[in-house]
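Note sheet for the following structure.
Computation of the quantities below employed the complete heavy-atom set of this structure, encompassing side-chain atoms and omitting hydrogens, waters and symmetry-equivalent molecules.
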Amino acid sequence: MSLTGDALFYTVVVTAVVAVGVTLVGWNRLRGPRAVRWLTRLSMIVCCQCAAVVSVAVWVNDANGLYTSWDDLLGRTRMPTVTAADATEEPPVTFEKAGDRLVETDYQGPESGLDGEVLVWTPPQYDQAAYRDHRFPVIMLLHGVPGSPLAWIRGGRAPELLGALMRDGTLPPAILVMPRINPGSNTDCVNVPGGAQTATWLAHDVPRMISSQFRVRADAKGWALAGDSTGGYCAAKLPLQYPKVFATGLALSPDDFHGDPAIIDDPALRAANDPTQLAARGIPVSLMVVTSSSDPSSSPANARALFDAARAPTRVAAPLILPEGGHNWGTWQATYPTVFGWVGTHLRPPSDGPLMKQATAVTHENTTYVCPPDQRCAGTR
């Protein structure tokens, strides 16, 4: 029975209802010594509670795509060995329909050797005759940890909400690519010496596969990264490390840019992947960070540190600090028109002209960035 299938969800819900029913019917019908009756009643209460907790857990997992399989939940991950043949042969790619305009594949990267699912959503224009020779920009959406590519579908509602921004001109029609950011194990999108080459998977393998299977732009300005939480950390650092692949990065409530010692224990490796240190080198990419004053997992100080560290030609938008909101999809979705409008200005070819219906451009000696209407950007000088 699939962890994310309807069968499991309905089974646990029915089990919870039956447990409550059995408790109500049998509560006063128990026979035997008092101690036995009370112990049996306590057991029935515990069963009801456990069934309710499992039902909620399955619902939350389905809604946010936290774990996609039993192996994923139990930590039984595959770590493939890369051979010379693996590195030179492009593996076959077969996509299966996963929803409206949504397809998925399980892909093994020839360079990294990592294997993970990749979801792809194409805009309606992709199949229209007028666009048959058009190459589309790409927005790669990176999920948090724990999480999976499905998080951007179920929690982030990316096809629905970003598709609406494409219809009203805030975003140009773009292909949404949602890869797993922790195939094998979580490395915070870092290439670990002797371990998982996760940065290579995200910056080389997945873009190369998408370019071979879909009509997409080949230039870095046609590729943007956007991520939440751990995915936000990755969306900030990967453009700085691979500017020839991604020219734009949007980080929604990113993890601490100094890295997590529990994930990467080598201080030198954490420093080499620290976006604040990378941005100080003057790499020609554009970045934006969003968080809230009350987000316990992504501080405003972390967001401002990247803005303060950047040196031209790195362009970092003044951080968008919301006055309230938690580390959740409701908070991030509220910023979509503004922050993805900002992404749209970087993805749109110059000849199209910017269509910024939700934001106002502001100029700073280090950057061009956007502020929400009637709100002063934190960090503006």
Side-chain angles (χ1 to χ4, degrees), residues 89-107 109-111 117-142 149 152-153 156-179 201-226 235 238-239 242-250 284-286 336-337 339-359 368:
E89 297 179 6
E90 183 69 24
V93 182
T94 302
F95 286 93
E96 297 181 357
K97 185 176 178 60
D100 185 23
R101 311 201 61 79
L102 183 70
V103 295
E104 66 178 342
T105 186
D106 189 68
Y107 179 68
E111 188 172 347
E117 66 266 39
V118 181
L119 301 179
V120 182
W121 178 86
T122 53
Q125 291 88 341
Y126 191 83
D127 296 324
Q128 295 174 4
Y131 288 82
R132 63 176 174 268
D133 297 321
H134 181 75
R135 291 193 169 271
F136 290 79
V138 175
I139 305 175
M140 279 180 56
L141 302 173
L142 308 181
W152 274 97
I153 302 296
R157 298 167 59 199
E160 175 188 352
L161 299 180
L162 299 188
L165 296 181
M166 295 177 198
R167 288 193 298 272
D168 71 17
T170 301
L171 267 175
I175 292 175
L176 306 180
V177 177
M178 292 147 279
W201 153 261
L202 292 169
H204 287 176
D205 289 336
V206 173
R208 180 167 53 190
M209 183 270 286
I210 294 298
S211 296
S212 72
Q213 302 295 316
F214 297 89
R215 298 193 313 276
V216 299
R217 286 170 56 180
D219 58 308
K221 291 185 177 180
W223 286 70
L225 285 171
L238 289 174
Y242 300 91
K244 293 183 179 180
V245 181
F246 311 108
T248 307
L250 169 64
V285 297
S286 299
Y336 278 9
V339 299
F340 280 101
W342 176 85
V343 171
T345 63
H346 293 276
L347 288 179
R348 199 182 313 277
S351 59
D352 286 2
L355 294 176
M356 291 298 294
K357 299 183 179 180
Q358 305 292 336
T368 297

- [ ] Measure from the side-chain N and O atoms of T105 to the backbone N and O of T94, and report whether any donor-acceptor pair falls under 3.5 Å.
- [x] yes
Task: Pairwise distance CE(M166) to CG(L162) - rounded to 0.5 angstrom - done: 5.5 Å
Task: pair V216-P137: side-chain heavy atoms closer than 4.5 Å - done: no
Task: Nearest-0.5 Å distance, CD1 of residue I153 to CG of residue L119 - done: 6.0 Å
TODO: Check whether any side-chain N or O of Y131 sits under 3.5 Å from a backbone N or O of P124 as a donor-acceptor pair, and report yes or no.
DONE: no
Open item on the list: As an exercise, state the distance from CG of D100 to OG1 of T122, rounded to the nearest 0.5 Å.
Closed with: 9.0 Å
Open item on the list: With heavy-atom distances below 4.5 Å as the criterion, would you say the side chains of Y107 and P179 are in contact?
Closed with: no
Task: Distance (rounded to the nearest 0.5 Å) between L347 CG and F136 CZ - done: 13.0 Å
TODO: State, yes or no, whether a side-chain contact exists between Y242 and L202 at a heavy-atom distance under 4.5 Å.
DONE: no
- [ ] Work out which heavy atom in P123 is nearest to a heavy atom in R101; give both atom names and the distance.
- [x] O-NH2, 3.0 Å
Open item on the list: When you measure from the side chain of R132 to the backbone of A129, do you find a donor-acceptor pair of N or O atoms at a distance under 3.5 Å?
Closed with: yes
Task: Student check: side-chain heavy atoms of T248 and P239 closer than 4.5 Å - done: no
Task: P337 side chain near T170 side chain, heavy-atom distance below 4.5 Å - done: no
- [ ] Kindly write out the residues that satisfy ring pair (Phe, Tyr, Trp, His ring centres under 6.0 Å) with F340, not counting sequence neighbours, or none if the list is empty.
- [x] Y336
Open item on the list: Just so I know, are the side chains of M209 and V177 near enough to count as touching, which here means a heavy-atom distance under 4.5 Å?
Closed with: no
- [ ] Output yes when a side-chain donor or acceptor of W152 lies under 3.5 Å from a complementary backbone atom of L142, and no otherwise.
- [x] yes
Task: Ionic contact status for D219 with R217, cut-off 4.0 Å - done: yes
Task: Minimum side-chain heavy-atom gap E111-R208 below 4.5 Å - done: yes
Open item on the list: Distance check, rounded to the nearest 0.5 Å: W121 atom CH2 versus Y126 atom OH?
Closed with: 13.0 Å
TODO: Considering non-hydrogen atoms only, spot the tightest contact between Q125 and P173 and give its length.
DONE: NE2-CG, 3.5 Å
Open item on the list: Give me the atom names and distance for the closest heavy-atom approach of P110 to D205.
Closed with: CD-OD1, 3.5 Å
- [ ] Supply the atom-to-atom distance I139 CD1 to L171 CG, rounded to the nearest 0.5 angstrom.
- [x] 5.0 Å
Open item on the list: To check you understand the geometry: which heavy-atom pair defines the closest contact between L141 and A158, and what is its length?
Closed with: CD1-CB, 3.7 Å
